[in-house]
Protein chains: 2
Amino acid sequence: MPHDAPAERFDLERFLPYRLDSLADRISQALARLYETRHDLSVAQWRVLAWLHHREQLTAKQIREATRMDKARVSRAVQALEDRGLIHRRAAREDQRRHELRLSEAGHALLAALVPEARAWEAELVAPLSIAEYRQLFELMDRLEGQLARLES
Amino acid sequence: MPHDAPAERFDLERFLPYRLDSLADRISQALARLYETRHDLSVAQWRVLAWLHHREQLTAKQIREATRMDKARVSRAVQALEDRGLIHRRAAREDQRRHELRLSEAGHALLAALVPEARAWEAELVAPLSIAEYRQLFELMDRLEGQLARLES
DNA sequence: GCGTAATGGTTGCATATGAAACCAAAGGCG
DNA sequence: CGCCTTTGGTTTCATATGCAACCATTACGC
């Protein structure tokens, strides 16, 4: 028998990074189908819209920071949304480099439909968790993000 | 003021799919840097190796099922690993379509180095969680996966 | 104020990925 | 047995994405 037993076997299923990634992937894809097929939105586009819905007015940079998406990805999403008339973009008075983004009327209307859909979908997903467990999950994720930030610095 | 207040504001940060995805992404990327820069492995390749380490012998299909990766992605990862001599591939006796995959000596050697690294990295990440919390996290993920499976069918 | 550096954003390019077409081997089924 | 279907796996093609180069504007040093 070859020397194939490095002490302890390694189970990917119990390896947090893998497990988390595969769960997130599955969820993200399932949800993506929802906005892609029903509203022709990519994930990046949906994120931009959701942030604008939440924060009213933002620049591309702020969105980039909030979502940790690549500059280019944000830029393309913004462009597509503007082309579709879902957002308005206008150069900032004080700094012509920055562009202030906000939802258009059409954008607001779309979100008025989309947000409840997304919420309902999430509710179904987390149905098997109690409120306390749901909160705990977020709490744990918060802690992991904190640690991640620490490790990265 | 435009009709911009659809009852309740929507906070992406507290939307599970988004939150989970962005956390998983960050973790996955950080870890990916580890095997990419130190061992020149892609995530897909790492997963194939890890599964072979865990299960000894598998076909591409089994890996695909286990990891839920695309056929093509698995195929390419396998090919790259074979080219590098990290795995052996051989047609199955009873069914020439299937190819049985197993780690080569070099593959075992690589994993002997890689697995402890991965474990150590994970340990650092979850350092702020207690054992109980760590278990609970997996438990919650298990439940969510179960629900996901139910929703998809 | 003017030349250089920094910054917000866009574009070009190389790569990764998923869907679908495809290929070869096995399984029905007449 | 032949035909048609199914299945494991590969390849092709279109698209998405990240990085880096780039452009325009603002900030800084002198």
Side-chain angles (χ1 to χ4, degrees), chain A residues 21-22 24-33 35-37 40-48 51-52 57-84 87-102, chain B residues 21-22 24-26 28-33 35-37 40-48 51-52 57-84 87-102 152:
Chain A
D21 198 59
S22 88
D25 234 60
R26 255 178 102 177
I27 292 177
S28 200
Q29 260 185 296
L31 189 55
R33 270 194 292 279
Y35 11 90
E36 240 174 277
T37 63
D40 195 34
L41 290 174
S42 72
V43 173
Q45 289 167 19
W46 149 255
R47 287 184 184 169
V48 170
W51 273 103
L52 286 176
Q57 186 187 71
L58 293 165
T59 70
K61 186 192 180 187
Q62 290 175 304
I63 292 179
R64 189 164 60 71
E65 286 168 349
T67 61
R68 291 170 180 277
M69 293 195 290
D70 189 80
K71 292 164 91 162
R73 200 176 168 200
V74 173
S75 173
R76 286 165 187 139
V78 163
Q79 203 151 24
L81 293 173
E82 199 189 11
D83 290 350
R84 276 179 65 183
I87 63 177
H88 292 307
R89 165 165 53 176
R90 136 192 98 169
R93 277 269 168 111
E94 347 72 68
D95 184 345
Q96 303 278 353
R97 288 171 305 183
R98 266 182 302 178
H99 293 287
E100 288 162 354
L101 308 171
R102 18 173 75 242
Chain B
D21 197 59
S22 89
D25 232 61
R26 255 178 102 178
S28 201
Q29 259 187 295
L31 188 56
R33 269 194 292 278
Y35 11 90
E36 241 174 279
T37 63
D40 196 32
L41 291 174
S42 73
V43 173
Q45 289 166 19
W46 150 254
R47 286 183 184 169
V48 171
W51 273 103
L52 287 176
Q57 186 185 69
L58 294 166
T59 71
K61 186 191 179 187
Q62 291 176 302
I63 291 178
R64 188 164 60 72
E65 286 167 350
T67 61
R68 290 170 180 278
M69 293 195 293
D70 189 80
K71 293 166 92 166
R73 200 175 168 201
V74 173
S75 172
R76 286 167 187 136
V78 164
Q79 203 151 23
L81 292 172
E82 198 190 10
D83 290 350
R84 274 180 67 183
I87 64 177
H88 292 308
R89 165 164 53 175
R90 137 192 98 169
R93 276 267 168 116
E94 346 70 69
D95 186 344
Q96 302 279 351
R97 289 170 305 182
R98 267 181 303 178
H99 293 287
E100 289 162 353
L101 308 171
R102 18 173 75 241
E152 272 168 5

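Not measured: the values here are computed from a predicted model. Chain identifiers are assigned alphabetically (A, B, ...) following the order of the sequence lines, protein sequences preceding nucleic acid strands; residue numbering begins at 1 within each chain. Side chains included, hydrogens not; waters and symmetry mates left out as well; all remaining heavy atoms used.
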Rounded interatomic separation in angstrom, taking [atom1] from [X] and [atom2] from [N]:
{"X": "Gln29(A)", "N": "dA16(D)", "atom1": "CD", "atom2": "P", "answer": "14 Å"}
{"X": "Glu94(A)", "N": "dT26(D)", "atom1": "CD", "atom2": "P", "answer": "10 Å"}
{"X": "Leu41(A)", "N": "dT15(D)", "atom1": "CG", "atom2": "P", "answer": "18 Å"}
{"X": "Asp70(B)", "N": "dA16(D)", "atom1": "CG", "atom2": "P", "answer": "16 Å"}
{"X": "Arg98(A)", "N": "dT26(D)", "atom1": "CZ", "atom2": "C1'", "answer": "10 Å"}
{"X": "Gln45(A)", "N": "dT17(D)", "atom1": "CD", "atom2": "C1'", "answer": "14 Å"}
{"X": "Arg93(A)", "N": "dT25(D)", "atom1": "CZ", "atom2": "C1'", "answer": "17 Å"}
{"X": "His99(A)", "N": "dT26(D)", "atom1": "NE2", "atom2": "P", "answer": "11 Å"}

*5' priority, DNA chain C, between Asp25(A) and Arg76(A) [closest heavy atom]*: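 Closest to the 5' end, via its nearest nucleotide, is Arg76(A).
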
_If you assign Ala72(B) and Asp95(A) each to the DNA chain C nucleotide with the nearest heavy atom, which residue ends up on the more 5' nucleotide?_
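It is Asp95(A), whose closest nucleotide lies nearer the 5' terminus.
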
_Stepwise side-chain contact (heavy atoms from CB on, under 4.5 Å) check, Lys61(A) with Arg97(A)_ = CA-CA 11 Å; Lys61(A) 186 192 180 187; Arg97(A) 288 171 305 183; over 6 Å; no

*Indicate, yes or no, whether a donor-acceptor pair under 3.5 Å links the base of dT10(D) to the side chain of Arg89(B).*
no

*Does Thr59(B) or Ala92(A) map to a spot on DNA chain D nearer the 5' end, using the closest nucleotide for each?*
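Per heavy-atom nearest nucleotide, the more 5' residue is Thr59(B).
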
Nearest 0.5 Å please: distance from the [atom1] atom of [X] over to the [atom2] atom of [Y].
{"X": "Glu65(A)", "Y": "Thr67(A)", "atom1": "CD", "atom2": "OG1", "answer": "9.5 Å"}
{"X": "Leu58(B)", "Y": "Ile63(B)", "atom1": "CG", "atom2": "CD1", "answer": "5.0 Å"}
{"X": "His99(B)", "Y": "Arg89(B)", "atom1": "NE2", "atom2": "CZ", "answer": "5.5 Å"}

Does [X] reach a base, just sugar-phosphate, or nothing at all? Heavy atoms under 4.0 Å.
{"X": "Arg64(B)", "result": "nothing"}
{"X": "Ser42(A)", "result": "nothing"}
{"X": "Ala60(A)", "result": "sugar-phosphate"}
{"X": "Lys61(B)", "result": "sugar-phosphate"}

_With heavy atoms of chain B within less than 4.0 Å as the criterion, where does contact along DNA chain C begin and end?_
dT17(C) to dA26(C)

*asked:* Is any side-chain heavy atom of Arg47(A) closer than 4.5 Å to one of Arg73(A)?
replied: yes

*Which residues satisfy the side chain to side chain contact (heavy atoms under 4.5 Å, CB included) test with Arg84(B), sequence neighbours excluded?*
Asp40(B), Leu41(B), Gln45(B), Leu86(B)

*dT26(D), dT17(D), dT7(D): which one has an atom nearest the side-chain heavy atoms of Gln96(A)?*
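The answer is dT26(D).
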
*Under the 3.5 angstrom rule, does the side chain of Ser75(A) hit a backbone N or O of Lys71(A) as a donor-acceptor pair?*
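No: the side chain of Ser75(A) does not pair with the backbone of Lys71(A).
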
